[in-house]
Colleague: 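First the structure, which I've put down as structure tokens, then a few questions once you've had a look.
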2 protein chains.
Amino acid sequence: MLSQIPFANVAERREQPPILAVSTVIFSLRDDERSGRKSLWLPLVRRTRDPYRGQWALPGGPLGARDSLVDAAAANLRETTGLIPRYLEQLYAFGDLERSPTRRVVSVVYWALVREDDAPHTDTAATSVLLDDPNVAWFRADDEQVLQNMAFDHQQIIEYALWRLRNKVEYGSIAHRLLGERFTLAQVREVYEAVLNKSLDPANFRRQLRNAADIEETDEFLAGGKHRPPRLYRYTGSPTHPLESENIS
Amino acid sequence: MLSQIPFANVAERREQPPILAVSTVIFSLRDDERSGRKSLWLPLVRRTRDPYRGQWALPGGPLGARDSLVDAAAANLRETTGLIPRYLEQLYAFGDLERSPTRRVVSVVYWALVREDDAPHTDTAATSVLLDDPNVAWFRADDEQVLQNMAFDHQQIIEYALWRLRNKVEYGSIAHRLLGERFTLAQVREVYEAVLNKSLDPANFRRQLRNAADIEETDEFLAGGKHRPPRLYRYTGSPTHPLESENIS
DNA sequence: TTAGTTAAGGTCAAAGTGACATTAACTAAG
DNA sequence: CTTAGTTAATGTCACTTTGACCTTAACTAA
């Protein structure tokens with residue numbers, strides 16, 4: 001594997017100070033024809049330079065000297081994908097020696113959930129890896145084909161982000177961030193079915209959600225379906241700890 | 001506040017690439033005369049240089065070019081405190097612009113739990129801030145006096161580590177790491193009482209612990225008390241995710 | 001032998017959970 | 001206008017889990 005970047009020699013690059021970078025894993029909910037259910041999708045960018053030129057990678061870039069970590073992640077995300085997430089949560093700092101074949105890079109990775117409306121799923125066709133035109137595309141979060149051919153250690157990063165998502169305790173906050181201000185209980189259930197990848201009893205799920213103190217009913221209903229209009233609810237909780245949900249300045 | 005370090009000027013230092021450092025928050029259990037219960041203690045080191053010379057700080061240092069993040073944390077810990085924790089878990093990466101008054105520093109912070117035996121609580125007297133001799137000392141994790149006078153943003157870091165500890169889901173693993181291989185159910189209860197800072201019903205706590213699949217009884221008993229000898233138990237669980245418990249190489 | 005102490009297990013009412021049935025309120029087909 | 005289809009919303013019931021408390025077991029020290 002050739003590289004045009006200096007310090008490709010291991011002994012040499014190890015003497016260089018580590019580079020600091022930030023990357024982001026973004027999840028969004030989307031209809032999935034394959035499973036019939038909603039499922040999780042994430043945007044990736046195609047690398048235009050070595051190493052891993054042409055392969056898919058997480059959006060990210062070097063940490064600017066004037067940005068805090070979370071600001072750098074947000075700025076980079078806007079530039080590369082056009083996405084403006086409302087909040088970012090720190091996932092993990094990856095710093096193994098051999099994670100980049102060129103220079104030593106320590107990546108602070110953030111993750112976020114965005115609503116379907118905020119996520120311009122520009123091209124449905126871009127869900128195929130075969131496409132060679134655009135440099136940003138959305139993929140199913142469990143698309144093995146794509147994950148296994150990612151640049152750097154980004155496959156592990158995405159898998160860890162998924163693990164964290166599935167092990168998030170708070171019911172309401174995830175749904176709220178994927179769905180928006182107001183949502184029906186059935187939509188929340190769809191979120192959980194997508195994340196946990198299993199069906200849930202609608203009646204029991206409703207009972208548990210309503211008892212969870214951080215979800216509150218509104219006076220509005222969602223009309224338009226071919227059935228009784230469901231009531232809309234609102235999320236009233238706040239992040240459990242400031243660092244678990246960083247604001248973007 | 002004077003400083004002998006270059007780039008003290010804000011405009012200047014912002015052009016410098018960020019420095020990468022690692023620090024560690026270590027918790028250990030210890031008898032506490034004040035509360036009558038066991039409580040959490042942590043080791044701090046006294047700074048011998050500006051900035052914050054003379055104040056207490058978390059053990060830590062710059063990231064060596066040859067070390068992975070977790071190895072750097074472990075090596076630094078050994079050098080500054082003599083402690084060799086069996087595992088480290090990544091807590092958070094702190095990277096705000098103004099967290100160090102001199103150069104821009106991004107700190108990847110780890111945390112760990114160590115058993116009382118592994119923690120050489122050398123000097124009981126060192127629990128007082130007034131002492132001026134040693135450069136390492138142990139303090140109660142809720143000692144406001146000390147926390148409020150810590151160097152850098154280390155007070156917030158410790159508070160976040162405590163929050164994470166209190167919100168850890170797994171019953172068994174925390175106790176196992178603070179106590180060792182074999183332990184009585186009452187010792188586990190003491191751990192929880194110390195961490196959560198409240199009393200728990202011994203009978204109900206026992207019932208719940210025994211039902212938790214990752215704790216298993218042994219054939220041994222702990223003799224020596226002035227009462228019926230309690231049975232010893234063993235932790236059989238494994239970390240929920242590799243990144244949640246990094247091995248030290 | 002007895003008092004003191006903690007271990008270990010049991011009881012019982014209250015609360016919570018999972019499986020499933022019933023009624024409510026809309027749309028669309030005839 | 002009526003009826004079938006669909007999902008919303010609530011209720012029922014057996015079963016499990018929880019919190020408060022009691023009883024008995026097994027040791028030490030006086």
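Naming: A, B, ... by sequence-line order, numbering from 1 per chain.
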Colleague: Does some side-chain heavy atom of A:Ile157 sit less than 4.5 Å from a side-chain heavy atom of A:Leu91?
Modeller: yes

Colleague: Restricting to side chain to side chain donor-acceptor pair (under 3.5 Å), what partner residues turn up for B:Arg166, sequence neighbours left out?
Modeller: none

Colleague: Taking salt bridge (charged side-chain N to carboxylate O under 4.0 Å, His left out) as the definition, give me every residue that meets it alongside A:Glu216, ordered by chain and number, with sequence neighbours left out.
Modeller: A:Arg234

Colleague: Walking along DNA chain C from 5' to 3', note the first and the last nucleotide with an atom under 4.0 Å from a heavy atom of chain B, and give both.
Modeller: C:dG4 to C:dT11

Colleague: Which stems does DNA chain D form, counting runs of 3 or more consecutive Watson-Crick or G-U wobble pairs with both distances under 3.5 Å?
Modeller: C:1-30 with D:1-30

Colleague: Which atom pairs, one a donor and one an acceptor, fall under 3.5 Å between side chains of residues 206-214 of chain B and the rest of the protein, sequence neighbours left out?
Modeller:
from, atom 1, to, atom 2, distance (Å)
B:Arg207, NH2, B:Asn204, OD1, 3.4
B:Arg210, NH2, B:Glu217, OE1, 3.0

Colleague: With nearest nucleotide decided by heavy atoms, which residue, A:Pro229 or B:Pro229, maps closer to the 5′ end of DNA chain C?
Modeller: B:Pro229

Colleague: Heavy atom of residues 216-225 of chain A under 4.0 Å from DNA chain D: which residues?
Modeller: none

Colleague: Where along residues 193-211 of chain B does a heavy atom come under 4.0 Å from DNA chain C, residue by residue in number order?
Modeller: B:Ala203, B:Arg206, B:Arg207, B:Arg210

Colleague: Could you name each residue pair satisfying ring pair (Phe, Tyr, Trp, His ring centres under 6.0 Å) that touches residues 215-249 of chain A, not counting sequence neighbours?
Modeller: A:His176-A:Tyr235, A:His241-B:Tyr160, A:His241-B:Trp163

Colleague: Using side chain to side chain donor-acceptor pair (under 3.5 Å) as the criterion, list what pairs up with B:Asp31, not counting sequence neighbours.
Modeller: none

Colleague: Could you pull out all residues at least two apart from B:Asp71 that satisfy side chain to side chain donor-acceptor pair (under 3.5 Å)?
Modeller: B:Ser68, B:Ser249

Colleague: Under the side chain to side chain donor-acceptor pair (under 3.5 Å) rule, collect the residues that match up with A:Ser199, sequence neighbours excluded.
Modeller: A:Arg37

Colleague: Among residues 175-188 of chain B, which ones have heavy-atom contacts with DNA chain C below 4.0 Å?
Modeller: B:Ala186

